Student: 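Pasting in a structure now, in structure tokens, and then I'll have a few things to ask.
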Amino acid sequence: MGFWLMKSEPDVFSVDDLQRQRTTSWEGVRNYQARNFMRDGMKRGDRAFLYHSSCAEPAVAGIMEICREAYPDPTQFDRRSKYYDAGSQPDQPRWLMVDVKFVRRLRRPVTLAELRADKRLASLPLLRRGNRLSLMPVSPAEWEAILALE
DNA sequence: GCCAACGTTGGC
DNA sequence: GCCAACGTTGGC
């Protein structure tokens with residue numbers, strides 16, 4: 001089983017929203033490296049942390065499960081969507097998404113500051129300076145280390 | 001293929 | 001709102 005971390009701005013989509021909806025399509029990934037992780041790495045049953053970014057207290061907030069593997073993101077073909085991509089051809093979609101389902105909230109949010117303070121997480125891409133990946137793999141050891149902080 | 005300009009991300 | 005860092009674009 002693989003482990004991941006996926007960023008979301010809570011103003012747009014938060015752990016509260018996921019808990020309410022139970023499941024959601026992870027639309028709007030428009031970065032090739034992140035897309036490749038979804039396409040080549042994410043498998044049904046994998047677990048992912050939901051991380052709140054661009055907010056007052058950036059933190060890992062919840063746990064999700066990948067419930068559908070990568071498939072074309074329809075928003076790339078929707079002219080009214082902010083994720084519309086005129087360069088993507090319907091017979092050769094450029095962007096993919098996965099579906100995720102709510103597993104549980106963390107007992108309390110584990111903040112970015114707490115993650116930074118933990119030596120075991122030193123190589124987590126999230127903590128690297130200037131990192132802009134919206135979705136990244138987490139090693140089993142890192143997964144456990146983060147859970148130990150909640 | 002290089003690289004400057006531009007747009008976006010995301011912590012603070 | 002600021003700004004550093006990075007990815008993308010497009011002229012050459």
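Computed over heavy atoms, backbone and side chain alike; hydrogens, waters and symmetry mates excluded. All values reported here derive from a predicted model rather than from experimental measurement.
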Student: Under 6.0 Å from the CZ atom of A:Arg44, do we count more than 12 heavy atoms belonging to anything else shown?
Tutor: no
Student: With distance as the sole criterion, is a donor-acceptor pair present between the side chains of A:Thr75 and A:Asp78 under 3.5 Å?
Tutor: no
Student: Once you round it to whole Å, what is the distance between P of C:dA5 and CD of A:Gln33?
Tutor: 18 Å
Student: Rounded to the nearest Å, what distance is computed from the CG atom of residue A:Leu135 to the C1' atom of nucleotide C:dG7?
Tutor: 16 Å
Student: Take atom CZ of A:Arg128 and atom P of B:dT9, then tell me their distance rounded to the nearest Å.
Tutor: 19 Å
Student: Can you say whether the rings of A:Tyr32 and A:Trp95 are parallel (under 30°), tilted (30 to 60°) or perpendicular (over 60°)?
Tutor: tilted
Student: Look for any protein N or O under 3.5 Å of an N or O in nucleotides 10-12 of chain B and output each such pair with its distance, or none.
Tutor:
{"unit_1": "B:dG10", "atom_1": "OP1", "unit_2": "A:Lys7", "atom_2": "NZ", "d": "2.6"}
{"unit_1": "B:dG11", "atom_1": "OP1", "unit_2": "A:Tyr51", "atom_2": "OH", "d": "2.9"}
{"unit_1": "B:dG11", "atom_1": "OP2", "unit_2": "A:Ser54", "atom_2": "N", "d": "2.9"}

Student: If I take atom CG in residue A:Asn36 and atom C1' in nucleotide C:dG7, what distance separates them, rounded to the nearest angstrom?
Tutor: 14 Å
Student: Can you confirm whether more than 12 heavy atoms, excluding those of A:Lys43, are under 6.0 Å from its NZ atom?
Tutor: yes
Student: In this structure, how many angstroms lie between the C1' atom of B:dT9 and the CG atom of A:Leu5, rounded?
Tutor: 15 Å
Student: Output the rounded distance in Å from CG (A:Asp85) to C1' (B:dG7).
Tutor: 15 Å
Student: Tell me which one of A:Leu50, A:Leu135, A:Val60 satisfies side-chain contact (heavy atoms from CB on, under 4.5 Å) with A:Leu5.
Tutor: A:Val60
Student: Can you check the A:Asn31 CG to C:dG7 P distance for me, whole Å?
Tutor: 8 Å
Student: Taking atom C1' of B:dT9 as reference, at what distance in whole Å does atom CE of A:Met6 sit?
Tutor: 17 Å
Student: What are the two closest heavy atoms between A:Gly41 and A:Trp4, and how far apart are they?
Tutor: C-CZ2, 3.4 Å
